[in-house]
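The block underneath contains the structure these notes are about, expressed in structure tokens.
Just so it is clear: chains get the letters A, B, ... in the order the sequence lines come, proteins before strands, and each one is counted from 1.
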Amino acid sequence: MSETDPSTMTPAADGDVPYRYTSAVAGEIERRWQDHWEFKGTFATPNPTGTLAEPGADVAGRNKFFLMDMFPYPSGAGLHVGHPLGYIATDVTGRYRRMCGDNVLHALAYDAFGLPAEQYAVQTGQHPRKTTEENITNMRRQLRRLGLAHDPRRSFATIDPGYVRWTQWIFLRIFNSWYDTEADGGRGRARPIDELVAAYEAGERQTPDGRAWAELSDVERRRIIDEQRLAFVSESPVNWCPGLGTVLANEEVTADGRSERGNYPVFKRNLRQWMMRITAYADRLVDDLDRIDWPEKVKTMQRNWIGRSAGASVRFSTSAGDVEVFTTRPDTLFGATFMVVAPEHPLVEALTPSAWPESAKDAWTGGYATPGEAIAGYRAQAAAKTELERQADEREKTGVFTGSFATNPVNGERIPVFVADYVLMGYGTGAIMAVPGQDQRDWEFAERFDLPIIRTVQPPDGFDGKAFTADGPAINSANDEISLDGMAVDDAKTAIIGWLESKGTGEGTVTYRLRDWLFSRQRYWGEPFPIVYDENDLPVAIPDEMLPVDLPDVPDYSPKTYEPDAADTTPEPPLARVPEWVYVELDLGDGPKRYRRDTNTMPNWAGSCWYHLRYLDPDNDEQVVDPEIERYWMGPQPQRGENDPGGVDLYVGGVEHAVLHLLYARFWHKVLFDLGYVSSEEPYHRLFNQGYIQAFAYTDARGQYVPAEAVVEKVDDAETTYVYDGQPVHREYGKMGKSLKNVVTPDEMYEAYGADTFRVYEMSMGPLDVSRPWDTRAVVGSLRFLQRLWRNVISESTGEVIVADEPAGDETRRVVHRTIDAVRADMDALRFNTAISRLIELNNHLTKLDTVPREAAEVLVLMTAPVAPHIAEELWSRLGHSGSLAHEAFPVADPALLAAETVTCVVQVAGKVRDRLEVPPSVDEDTLRELALASEAVTRALDGRAVRKVIVRAPKLVNVVPG
RNA sequence: GCCCCCGUAGCCCAAUAGGCAGAGGCAGCAGACUUAAAAUCUGCAGAGUGUGGGUUCGAGUCCCACCGGGGGCACCA
């Protein structure tokens with residue numbers, strides 16, 4: 001670049017050092033190189049085919065590296081210094097991999113639908129599209145200034161019509177699929193719905209009521225098909241959040257029954273809503289966690305959320321028919337002394353006789369005259385409790401006898417059936433067999449209600465607890481046909497399941513905590529459903545060629561919200577307010593007809609379920625993604641192992657999406673895999689959770705936040721205090737936020753230090769996965785490093801390049817190559833903090849030389865490039881190279897220069913260092929032992945004691961152990 | 001209550017496989033430059049690794065208990 005001639009640089013005002021690397025110089029260099037990269041398309045990544053293919057590019061011959069950040073949400077507040085942390089880290093990795101020869105795919109798109117955008121728009125009175133697009137523009141500007149090496153051609157936003165179209169298209173593929181549980185050897189697979197219809201038509205599948213397919217009416221057939229779709233409308237208990245005016249997925253509701261966003265109460269209501277059959281994939285979602293490289297913590301969270309547990313269902317006969325229970329401990333059946341059903345269990349009424357049986361104990365009836373009153377009273381009480389009260393820890397067990405008995409299938413015992421709210425309708429069958437001897441909850445209930453306790457596992461001697469839940473030999477567990485006595489728990493389970501199955505009273509089953517995904521929201525700012533309803537009120541897909549279905553303009557896009565605890569309210573979608581949009585005449589095959597549109601919108605997770613695919617092939621309007629391009633970037637990589645599921649090579653983001661986005665995206669991806677649209681079975685092969693940048697905030701005596709940047713630290717002998725405006729203030733540690741008055745923005749950092757310094761600082765603060773406090777005062781250290789680097793190459797007084805063209809000295813060479821070796825290892829492992837300290841070390845070494853040899857300076861500049869790309873480009877260019885260094889080879893260490901000429905051997909006596917020896921690295925143990933024993937310092941330390949033992953770890957250590 | 005992660009200098013953090021506790025940075029101190037200050041440069045000092053046990057010739061690293069911080073799960077049968 002011709003403009004890098006030093007004469008074009010304006011000397012700084014500082015008289016002595018007119019060519020020092022200052023923030024002003026940095027700013028000038030950074031903007032210039034950012035323009036250069038954009039103009040030259042430096043980071044345009046070639047695809048193997050399609051619009052982004054490049055004729056001469058070596059795509060197949062290079063290693064590919066697909067790198068992704070978690071989707072940013074363009075907030076109206078703009079960025080603070082915490083936001084770019086992950087983006088810088090992925091940028092460093094991408095730049096490093098590119099210099100290592102990889103074809104690197106890295107871009108950034110925007111997740112722009114959703115509640116915050118809608119709320120921000122409501123606040124500002126503007127259309128969400130307008131505010132969202134402005135926010136994206138602002139964020140793009142802030143991020144561009146960081147110098148991220150993204151391929152700008154691959155950026156997009158989820159609200160783009162060209163993107164919405166494919167989101168809706170994927171929805172329709174899910175809608176037009178069913179899960180064939182028999183496929184792939186019982187693992188199951190999604191298949192096109194037409195194949196299900198064909199199977200019914202061919203008589204290969206039975207209709208639910210046994211009638212022939214041909215005898216059914218069109219509506220009857222559609223109902224049968226509709227309820228088997230992977231996306232289906234269902235009337236079922238859902239999470240209704242009046243405060244937000246929408247229903248929510250289980251994943252969006254916290255353990256204490258509130259909305260994750262906004263913290264409003266959530267109520268269970270029966271409503272007709274779209275569901276996604278994620279439960280069909282429960283096993284694969286659990287099993288395939290073993291095939292991907294994710295933090296164990298996130299895998300655990302997903303496993304917990306899916307909550308697979310193996311056990312048995314067992315039917316107990318009652319006067320109301322069989323009641324099915326789920327148990328993980330079928331081995332303890334002989335110890336089942338009562339049964340409990342949830343208050344909401346559908347058989348409760350049928351189980352309630354008109355009068356108490358004679359054997360009913362006083363404790364069981366709750367003092368009510370009849371079972372009917374008792375049950376009604378208990379149910380009312382249970383319903384009035386909040387979720388939190390129901391789940392409160394160490395709560396006394398409550399419940400009431402139904403008045404009925406069930407028969408234990410293993411021994412014919414008549415056992416009482418209770419209703420109690422410690423049994424949850426939402427798990428298993430909502431009914432349990434209670435085995436107090438082996439279950440602490442059942443034990444507590446049995447004590448409270450005076451019920452018998454039979455141990456069926458022998459606790460060890462000295463066991464003084466109540467329920468015994470560990471392994472041990474079975475006891476008291478035999479009938480005329482089978483005896484479990486003496487068996488360990490696992491064997492007993494297998495044996496009893498076999499017996500139950502032979503009797504037809506039970507079978508081995510697996511249950512899951514995971515529920516189907518509630519997919520509709522009653523909000524404005526989301527993707528409309530590409531669905532209309534006909535005169536039968538049955539859903540009909542909008543044909544692909546009519547996509548996207550655009551959002552209509554509405555008079556009021558703010559949702560209808562209610563008092564947070566107004567449980568009996570009903571969701572009212574904003575789209576329903578535009579009848580001219582809702583009612584349409586369409587020709588969907590049977591001539592023009594009037595249809596009613598679905599007025600829900602998709603949750604904002606929809607867009608992030610497949611955005612990894614759009615990066616690959618962002619312009620494609622023929623297919624969701626070209627299969628060849630998908631295979632190249634995401635397909636299975638045999639070198640990673642035989643059973644590699646493929647996926648993004650590195651995905652960096654916070655841990656907060658562990659069971660939301662990351663579960664939903666895996667689900668969608670597997671559906672697309674089953675249907676043959678992608679070759680990868682998992683979307684994200686390697687996941688890395690970055691830590692957060694935290695900050696201090698300060699409150700005054702009234703508890704009000706004061707501006708953090710104006711707080712002064714006072715250090716006395718004993719304690720540190722903080723003062724604002726002469727008054728002591730209290731320091732707290734946490735997030736950065738406007739209301740906390742502690743926000744520091746990237747723009748301030750660019751202005752005061754430049755983007756490179758900011759990047760170096762963020763990367764050197766600590767390991768990427770650890771959260772740490774922001775400290776503006778410490779940023780200067782990173783500026784000093786870059787200044788010294790600059791000074792090693794450029795004269796501060798003349799602006800001339802001052803490196804020497806003579807070869808480097810031996811010692812400098814060794815330092816350089818040891819640094820290369822260490823930096824590569826650190827970069828490969830995403831340890832940018834230690835990589836930077838190595839660079840600083842080398843830089844400091846060069847600073848001490850009279851003249852800096854070119855060979856060392858160039859290596860250092862190249863290695864600094866991933867983390868501080870602008871200054872590196874500038875120095876590289878001034879060192880006489882034309883063009884960008886973005887594709888230069890990252891330095892490779894010469895193994896011959898890695899071995900030290902001598903090593904320091906530490907000589908210990910009784911573990912304490914007493915002497916040091918300079919020895920060749922190849923020194924053998926015997927020589928070292930002799931050298932150590934000959935040491936005067938050792939003799940002195942031994943002080944006449946005999947030598948018991950000498951431990952030699954050549955070449956670094958000898959430990960002399962006195963007798 | 002159960003499970004997981006983390007505690008190293010005033011602060012942020014290093015320390016291959018158990019083998020010299022310190023790589024790097026901030027702050028501090030001294031000196032240089034300056035009329036002075038800032039900036040910059042040079043140099044210096046600073047902890048025995050949260051606590052108590054144990055294993056070992058040797059423990060920041062391994063084991064046990066506890067304390068402190070963070071996170072996950074939580075009547076899931």
Report summary line: Answer for the Watson-Crick or wobble partner of B/rA32, both distances under 3.5 Å, is B/rU40

Query raised in the report: A/Q787 near the nucleic acid: base, sugar-phosphate alone, or nothing, with a heavy-atom cut-off under 4.0 Å?
Result: sugar-phosphate

Query - N or O in side chain of A/K949 less than 4.0 angstrom from B/rC57 OP1/OP2 - result: yes

Query raised in the report: Is any side-chain heavy atom of A/L333 closer than 4.5 Å to a side-chain heavy atom of A/I496?
Result: yes

Query - Pairwise C1' distance, B/rG60 and B/rG7 [rounded to whole Å] - result: 11 Å

**Report entry** 5' priority, RNA chain B, between A/V659 and A/P773 [closest heavy atom]
**Finding:** A/P773

Report task. Starting from P on B/rC4, measure out to NZ on A/K299 and report it in whole angstrom. Result -> 17 Å

Query raised in the report: Using atom P of each nucleotide, how far apart are B/rG50 and B/rA45 to the nearest Å?
Result: 25 Å

Report task. In whole angstrom, give me the gap between the C1' atoms of B/rC62 and B/rC73. Result -> 29 Å

Requested in this report: Answer with yes or no whether the side chains of A/Q440 and A/T469 bring together a donor and an acceptor at under 3.5 Å.
Outcome: no

Query - B/rG43: syn or anti, per glycosidic angle within 90° of 0 - result: anti

Query raised in the report: Is a side-chain donor-acceptor pair under 3.5 Å present for A/T398 with A/Y378?
Result: yes

Where do N or O atoms of nucleotides 67-70 of chain B meet protein N or O atoms at under 3.5 Å, pair by pair?
none

Query raised in the report: For B/rA59, which nucleotide is its Watson-Crick or G-U wobble mate, given both distances must be under 3.5 Å?
Result: none

**Report entry** Candidate nucleotides B/rA74, B/rC13, B/rG19, ranked by approach to the side chain of A/I951 - the nearest
**Finding:** B/rG19

Query raised in the report: Between A/Y692 and A/E656, is any side-chain donor less than 3.5 angstrom from a side-chain acceptor?
Result: yes

Query raised in the report: When the P atoms of B/rC20 and B/rC29 are considered, how many whole Å apart are they?
Result: 33 Å

Requested in this report: Would you check if there is a donor-acceptor pair between the side chains of A/T456 and A/Q438 at a distance under 3.5 Å?
Outcome: yes

Query raised in the report: Heavy atoms under 4.0 Å, any strand shown: does A/T327 hit a base, just sugar-phosphate, or nothing?
Result: sugar-phosphate

**Report entry** For B/rG1, the Watson-Crick or wobble counterpart (both distances under 3.5 Å)
**Finding:** B/rC73

**Report entry** Candidate pair A/E251 and A/R515, rule salt bridge (charged side-chain N to carboxylate O under 4.0 Å, His left out), full reasoning
**Finding:** CA-CA 9 Å; A/E251 290 78 12; A/R515 306 282 90 169; over 6 Å; no

Query raised in the report: Across the strands shown, which category fits A/R308 at heavy-atom distances under 4.0 angstrom: base, sugar-phosphate, nothing?
Result: nothing

Report task. Look at all strands and tell whether A/T847 reaches a base, only sugar-phosphate, or nothing, counting heavy atoms closer than 4.0 Å. Result -> sugar-phosphate

Requested in this report: Pick base, sugar-phosphate or nothing for A/S771, based on heavy-atom distances below 4.0 Å to the nucleic acid.
Outcome: sugar-phosphate

Report task. Name the residue closer to the 5' end of RNA chain B, choosing between A/W305 and A/R953 according to the nucleotide with the nearest heavy atom. Result -> A/R953

Query raised in the report: Using the C1' atom in both, what is the distance from B/rG46 to B/rC3, to the nearest Å?
Result: 39 Å

Query raised in the report: Say you pick atom P in B/rG70 and the same atom in B/rG28; how far apart are they, in whole Å?
Result: 30 Å

Query raised in the report: Can you find a side-chain donor-acceptor pair between A/T834 and A/D826 that sits under 3.5 Å?
Result: yes

**Report entry** Rounded interatomic separation in angstrom, taking CD from A/E762 and C1' from B/rC13
**Finding:** 16 Å

Query - Touch class at under 4.0 angstrom, heavy-atom based, for A/P767 against every strand present - result: sugar-phosphate

Report task. Let me know the distance between CZ of A/F316 and C1' of B/rA77, rounded to the nearest Å. Result -> 12 Å

Query raised in the report: Atom CZ of A/R303 to atom C1' of B/rG71: distance rounded to whole Å?
Result: 17 Å

Query raised in the report: Would you say a side-chain N or O of A/R791 is under 4.0 Å from OP1 or OP2 of B/rC41?
Result: yes

**Report entry** No-hydrogen, no-angle side-chain donor-acceptor test under 3.5 Å, A/T776 and A/Y753
**Finding:** no

Requested in this report: May I ask you to establish whether A/R731 and A/Y698 are in a cation-pi arrangement, using a distance under 6.0 Å from NZ or CZ to the six-membered ring centre and at most 45° from the ring axis?
Outcome: no

Report task. Give the rounded distance in Å between these two atoms: CG of A/D826 and C1' of B/rA14. Result -> 10 Å

Query raised in the report: Base, sugar-phosphate, or nothing: which does A/N833 touch, judged by heavy atoms less than 4.0 Å apart?
Result: sugar-phosphate

**Report entry** Pairwise C1' distance, B/rA32 and B/rA38 [rounded to whole Å]
**Finding:** 15 Å

Requested in this report: Rounded to the nearest angstrom, tell me the gap between atom CD in A/Q908 and atom P in B/rG58.
Outcome: 10 Å

Report task. Go through the steps for A/N833 and A/S764 under the test side chain to side chain donor-acceptor pair (under 3.5 Å), then give the verdict. Result -> CA-CA 4 Å; A/N833 55 327; A/S764 64; over 6 Å; no

Report task. Provide the Watson-Crick or G-U wobble partner of B/rA65, both distances under 3.5 Å; none if there is no partner. Result -> B/rU51

Shorter than 3.5 Å, N or O on both sides, protein versus nucleotides 24-28 of chain B: list them out with atom names.
from, atom 1, to, atom 2, distance (Å)
B/rC26, OP1, A/R784, NH1, 2.3

Query raised in the report: If you check every side-chain atom of A/R513, which of B/rC20, B/rA74, B/rA23 has the closest atom?
Result: B/rA74

Query raised in the report: Would A/Y422 and A/D442 count as having a side-chain donor-acceptor pair, cut-off 3.5 Å?
Result: yes

**Report entry** Presence of donor-acceptor pair under 3.5 Å, side chain of A/K397 and base of B/rC75
**Finding:** yes

Report summary line: In whole angstroms, the gap separating P of B/rA77 from CZ of A/R315 amounts to 20 Å

Query raised in the report: Which part of the nucleic acid does A/R772 contact within heavy-atom distance under 4.0 Å: base, sugar-phosphate only, or nothing?
Result: sugar-phosphate

Requested in this report: Could you walk me through whether A/K466 and A/E447 pass salt bridge (charged side-chain N to carboxylate O under 4.0 Å, His left out), step by step?
Outcome: CA-CA 10 Å; A/K466 294 178 173 179; A/E447 280 195 326; 3.6 Å; yes

Requested in this report: Flag yes if more than 12 heavy atoms outside A/E507 fall under 6.0 Å of its CD atom; otherwise flag no.
Outcome: yes

Query raised in the report: Between B/rA9 and B/rA27, how far is it from one C1' atom to the other, in whole Å?
Result: 12 Å

Query raised in the report: Just how far, in rounded Å, is P of B/rC3 from CG of A/N304?
Result: 13 Å

